[in-house]
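The basis for the numbers below is simple: all heavy atoms, side chains too, and nothing from hydrogens, waters or symmetry mates. Indexing begins at 1, ligand by ligand and atom by atom, following the structure's order.
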Amino acid sequence: MTEKITVSVIKADVGSVVGHSRPHPSMMEAAKEILAEGIKTGCLEDFYVTRVGDDINLLMSHYNGEGNCDVHELAWNAFMAATEIAKKMKLYAAGQDILCDAFSGNIKGAGPGAAEMTFEERGSEPMLFFMADKTEPSAYSLPLSRVFLDPFTTTGLVIDPRATKGFDMEIHDVVDSKKVTMSSPEETYSMLTLLGDTTRYAIKKVESRAGAGTAAVVSTDKLNLTAGKYVGKDDPVCICRCQNGLPAVGEYLQPYMNTMLVAGWMRGSHYGAFYPCAVEDSDPTYFDGPPRICCIGFQLNNGRFQGLEAYEAPAGDRKPIDFFAGEVWNEVRTNAVKASMMMRGHGPFMPAILGPDEMEYTSRPAVLDALKERCMRLD
Ligand code: 13P
Ligand code: 13P
Ligand code: MG
Ligand code: MG
C-alpha cells in the first residue's frame with residue numbers, strides 16, 4: 001500500500017501594511033525561510049507561501065498525517081517570525097491571530113486556521129486551493145453545495161459514474177461545536193436546510209461515496225468564538241481534489257460566476273459580494289473589501305506541488321495557476337462591486353450589517369445601558 005500524503009493549509013493574519021491590506025513581503029519571506037527548514041529536517045515534502053489580502057497562507061505537503069505536532073509547530077514558528085517583523089515595523093494588527101503565548105502541540109484553538117486532508121495520491125492529482133479574505137467559513141457553503149449537490153452546476157453528478165454515487169458531507173455547527181455527516185443525493189434537501197443558515201452551519205469536509213477519497217476540506221475554526229471576543233474573521237481556506245470521480249477543475253470554479261453575498265467585510269460586521277481575483281489583486285480596495293476570493297492550482301507529484309516552475313525548482317519556489325486572474329472574471333468583479341455598492345447604500349442598516357449576534361463590533365449594550373432610566377413600557 002502506498003503511503004498517504006497529507007496536504008495542510010495553515011493560515012493566519014499576523015499584521016499588515018496600511019490597515020487590513022496585505023502582509024509585508026519580508027513577512028512572507030521569513031515564513032518561507034522557516035518552512036524551508038522543514039524540508040531540510042524531512043518534516044515537509046514541499047511548501048508554498050502565499051496570501052489573500054492580509055492573510056498569510058502556508059501550503060504544505062508531508063507524510064505525517066493531520067494535526068501533526070511538528071508540522072503545526074513549523075507553521076506556528078513561521079507566523080511568529082512574521083509577527084516579529086510586523087511588530088518591528090509597527091504594522092497594523094501585528095500578531096492579530098496569535099492567541100497563545102506559546103505553542104502547545106497543535107494550532108487548533110491557538111488562533112491560526114487549518115484545513116488538512118490525507119489521501120492516496122492518484123496517478124494524476126490536480127488540486128485547487130481557494131483562499132478568502134474578509135469573510136467566514138460558511139462563505140464556501142453555497143459554492144460547495146452547488147458543486148456537490150447540484151447537477152445543473154456539476155454535470156459530472158449525472159454523467160460521471162463514480163460521481164453519481166454522491167458525496168458524504170461533514171457539516172459543523174460552529175456555534176455549538178457539533179458535527180454530523182449527511183449523504184447526497186438522498187439527504188440533499190435536509191443538508192440545505194442546515195447549510196442555508198450561514199451564521200451557524202458550515203461544510204467541513206466532503207468525501208466521495210465511490211471510494212475516490214476526500215474531495216474538499218474547509219478551515220472552520222471560528223476565531224471570534226475561539227478567543228471569546230472578536231479578534232478577526234476567520235478568512236477561510238478550502239482545499240479541493242479534482243477530476244476522476246470528483247468534480248472537474250472547471251466545475252469547482254463555476255459557482256464563482258454567480259455574485260454571492262458573504263458576511264465579514266468592514267469590521268467583520270457587513271455583508272458584501274465575493275470578488276474573485278488574482279492573488280496579486282487581493283488587497284482590499286473599497287470599504288475593506290469587497291471580500292476577496294482567490295483560487296490557485298497545483299498538480300501534486302509524489303508530494304511535490306508542481307506548477308509552472310521547472311521540475312528541478314527548489315521547494316517553496318512554486319508558480320501555481322492563478323485561476324481568477326483572467327478577464328473572463330471581469331464581469332463577476334463588476335457585478336460584485338455593484339452588489340457591494342447596493343449593500344453600502346443601506347449604511348448601518350440591515351441587511352448591509354450582520355444580525356446582532358454576528359456583529360464583531362457593537363455599541364448596543366452601552367447604548368441600552370445608558371437608556372435604562374428613560375426606557376418605558378409600552379401601554
Ligand atoms: P480533457 O478531455 O481535455 O482531458 O477534459 C476532460 C474534462 O473532464 C474536462 O472537464
Ligand atoms: P481581517 O479579518 O482581514 O483582518 O479584517 C478585519 C476587518 O474587519 C477589516 O475591516
Ligand atoms: Mg487583518
Ligand atoms: Mg484577513
### Task
Could you tell me whether ligand 2 has any atom less than 4.0 Å away from a heavy atom of Gly53?
no
### Shortest protein contact, atom 7 (C) of ligand 1 (heavy atom only)
Gln243 NE2, 4.1 Å
### Option passing salt bridge (charged side-chain N to carboxylate O under 4.0 Å, His left out) with Lys134 (candidates Asp55, Asp54, Asp283)
Asp54
### Task
Show which atoms of ligand 2 fall inside a sub-4.0 Å distance from at least one heavy-atom site of Met266.
8 (O), 10 (O)
### Message
If you scan the protein for heavy atoms around atom 2 (O) of ligand 1, do you find one that is closer than 4.0 Å?
### Response
no
## Note on the structure
Of Ala248, Gly156, Pro247, the one whose closest heavy atom lies nearest atom 10 (O) of ligand 1 is Ala248
### Query
Could you go step by step and tell me if Thr198 and Ser138 meet the side chain to side chain donor-acceptor pair (under 3.5 Å) rule?
CA-CA 5 Å; Thr198 49; Ser138 60; 4.5 Å; no
### Query
Any idea which heavy atoms bring Gly53 and Pro284 closest together, and the distance?
CA-CD, 4.3 Å
### Query
For His20, what is the atom name of its N, O or S atom nearest to the Mg ion (ligand 3)?
ND1
### Task
State, with a plain yes or no, whether a side-chain heavy atom of Val332 is found less than 4.5 Å away from one of Tyr256.
no
#### Entry: Side chains of Val218 and Val237 in contact at under 4.5 Å (non-hydrogen atoms)
no
### Query
Quick one: which ligand 2 atoms are inside 4.0 Å of a heavy atom on Lys134?
1 (P), 3 (O), 5 (O)
### Query
So, do Ser208 and Arg162 sit near enough that their side-chain heavy atoms are less than 4.5 Å apart?
no
### Task
Would you mind naming the N, O or S atom of Asp13 nearest to the Mg ion (ligand 3)?
OD2
### Task
Under 4.0 Å from a heavy atom of Asp133: give me the atoms of ligand 2 that qualify, with their elements.
3 (O)
#### Entry: Atom name, Asp54 (N, O or S, nearest to the Mg ion (ligand 3))
OD2
### Task
Check step by step if ring-ring contact (aromatic ring centres under 6.0 Å, His included) holds for Tyr48 and Phe298.
CA-CA 10 Å; Tyr48 180 61; Phe298 285 114; 5.5 Å; yes
